[in-house]
Structures are given as C-alpha cells and as structure tokens.
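Just so you know, these numbers use all the heavy atoms, side chains as well, and skip hydrogens, waters and symmetry mates. Predicted model only: the values in this text are computed from it and were never measured.
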Amino acid sequence: MSGARRREEPPHAQQHAVANGGAAARGSVWGKALRSDSAWHDKDEFLDVIYWFRQIIAVILGIIWGVVPLKGFVGIAVFCLINAGVLYLYFSSFQQIDEEEYGGTWELTKEGFMTSFALFLVVWIIFYTAIHYD
C-alpha cells in the first residue's frame, strides 16, 4: 500500500510543496502584519510578529543610542517606554485585536521584551564603544 502511494506522489513533489507552502506562509504572515486590522487565526503567528517587531525596534534603537551618546538610566528608560509603547499601539490601535484572547494587555506587552532588551543592550554597547571610546 505504501508503494502505491509513492507512485502516485513522488517524494520530490512532496518536498517541493512543503518548501513552497512554507515560503508562502511566511510571506502571508508579514503581509498580514503590515496590513491594518488583519484576521489572526493562529495566535502563535501574531505572537511571533510581536516578538520580531520587538527585535527590530531593539536593533534600531540600539544603533541610535550608540551613535547619539546616550548613557545610563535615561537611555534604558526611554528604550523601555518606546518599545512597550510602540508595540502597544501596534496591537491595540493598528491591528485592533482582542487582548483577552492572548491573556490580556500585559501578556502582549511583555511578549519577547527581555530578549529585545538584551539585544538592545548589546547593540547599544557595541556602537557606543566603537564610536565614542578612545
């Protein structure tokens, strides 16, 4: 019986379909992420979008903070406010999702925050040291 299945659908056709479906799924997730009021049927996809947006924000702000020689608690506090604020506006105003489906506003606000904070610190330190340290 398994031999008949192999004749109907060659193995390379299955791999090709998986590869194409995977690429199409990734493209559609980012397409939905950039469109306002998208329907999110898979909660993990939306949480992944939140996570990766946080990483992008962390890199951008880390570069800016390193070039503009910000130091200390002010830089950290402003990063936290911008990171949390931008993502809050994204999921509450732009995507208009029901926060309770994801465990509340706090759960979405803290999704991926610590990893983005660590990435921000690394990028900030690298750029600050490279540009301003003698």
Side-chain angles (χ1 to χ4, degrees):
M1 185 126 177
S2 64
R5 236 185 256 166
R6 286 189 194 136
R7 285 187 205 112
E8 291 173 11
E9 193 172 320
H12 62 67
Q14 291 173 349
Q15 292 170 352
H16 184 65
V18 168
N20 286 341
R26 280 190 298 266
S28 67
V29 169
W30 287 108
K32 287 192 322 187
L34 298 175
R35 281 192 311 267
S36 177
D37 200 19
S38 297
W40 295 93
H41 302 293
D42 186 9
K43 291 180 183 181
D44 288 334
E45 281 183 348
F46 185 68
L47 293 176
D48 288 345
V49 168
I50 295 283
Y51 177 85
W52 286 108
F53 273 161
R54 280 198 191 280
Q55 306 316 307
I56 293 167
I57 290 170
V59 169
I60 291 169
L61 291 180
I63 292 170
I64 292 170
W65 271 222
V67 171
V68 178
L70 274 177
K71 296 182 198 176
F73 181 74
V74 172
I76 292 172
V78 173
F79 166 77
C80 292
L81 290 173
I82 290 173
N83 194 330
V86 166
L87 266 297
Y88 178 78
L89 289 174
Y90 173 74
F91 67 74
S92 66
S93 297
F94 186 72
Q95 288 294 331
Q96 298 176 356
I97 60 145
D98 181 20
E99 292 97 355
E100 295 305 318
E101 290 182 24
Y102 296 90
T105 303
W106 181 246
E107 290 299 320
L108 284 170
T109 303
K110 70 179 186 172
E111 174 69 29
F113 182 80
M114 289 310 291
T115 52
S116 72
F117 182 66
L119 179 62
F120 162 73
L121 287 177
V122 168
V123 172
W124 183 19
I125 291 167
I126 289 172
F127 273 81
Y128 184 88
T129 304
I131 295 172
H132 303 288
Y133 186 72
D134 292 330

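Side-chain rings of W124 and Y128 stay apart, their centers remaining 6.0 Å or farther from each other.
V74 is connected to V68 through a chain of hydrophobic side-chain contacts under 4.5 Å among Ile, Leu, Val, Met, Phe, Trp and Tyr, so both are in one cluster. The hydrophobic cluster containing Y133 does not contain I64, counting ILVMFWY residues as joined when their side-chain heavy atoms lie under 4.5 angstrom apart, directly or transitively. Cluster membership for L87 and L108, using ILVMFWY side-chain heavy atoms within less than 4.5 angstrom, is shared. In the hydrophobic cluster analysis, where Ile, Leu, Val, Met, Phe, Trp and Tyr join through side-chain heavy atoms closer than 4.5 angstrom, I57 is grouped apart from I63.
Judged as a ring-ring contact (aromatic ring centres under 6.0 Å, His included), and not counting sequence neighbours, F127 has no contacts. For the ring-ring contact (aromatic ring centres under 6.0 Å, His included) test, residues two or more places apart in sequence or in another chain that qualify with F46 are W40, Y102. Scored by the side-chain contact (heavy atoms from CB on, under 4.5 Å) test, I126 finds V122 as partners (sequence neighbours excluded). In this view, I56 and F53, I60 satisfy the side-chain contact (heavy atoms from CB on, under 4.5 Å) rule, not counting sequence neighbours. Taking K71 as the reference, nothing meets the salt bridge (charged side-chain N to carboxylate O under 4.0 Å, His left out) condition, with sequence neighbours excluded. S36 meets the side-chain contact (heavy atoms from CB on, under 4.5 Å) test with F94; sequence neighbours excluded. Residues satisfying the side-chain contact (heavy atoms from CB on, under 4.5 Å) test with T115, not counting sequence neighbours, are Y51, Q55.
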### Query
Between L119 and V59, is a side chain to side chain contact (heavy atoms under 4.5 Å, CB included) present by the stated rule, with each step listed?
CA-CA 7 Å; L119 179 62; V59 169; 3.5 Å; yes
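Residue pairs meeting the side-chain hydrogen bond (donor to acceptor under 3.5 Å, both in side chains) criterion with at least one partner in residues 58-68, sequence neighbours excluded, do not occur; the list is empty. Residue pairs that meet the salt bridge (Lys or Arg N to Asp or Glu O under 4.0 Å) test with at least one member in residues 84-100, sequence neighbours left out, do not exist here. Judged as a salt bridge (Lys or Arg N to Asp or Glu O under 4.0 Å), the pairs with a partner in residues 104-123 (not counting sequence neighbours) are, in order, E107-K110.
The side-chain heavy atoms of Y90 and V49, taken from C-beta on, include a pair separated by under 4.5 Å.
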Per-pair distances, 0.1 Å, donor-acceptor, side chain in residues 79-86, under 3.5 Å, sequence neighbours excluded:
unit_1	atom_1	unit_2	atom_2	d
N83	OD1	R54	NH1	2.4
N83	ND2	S116	OG	3.1

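Ring geometry for F91 against Y88 counts as perpendicular: the plane angle is over 60°, on a 0 to 90° scale with 30° as the lower cut.
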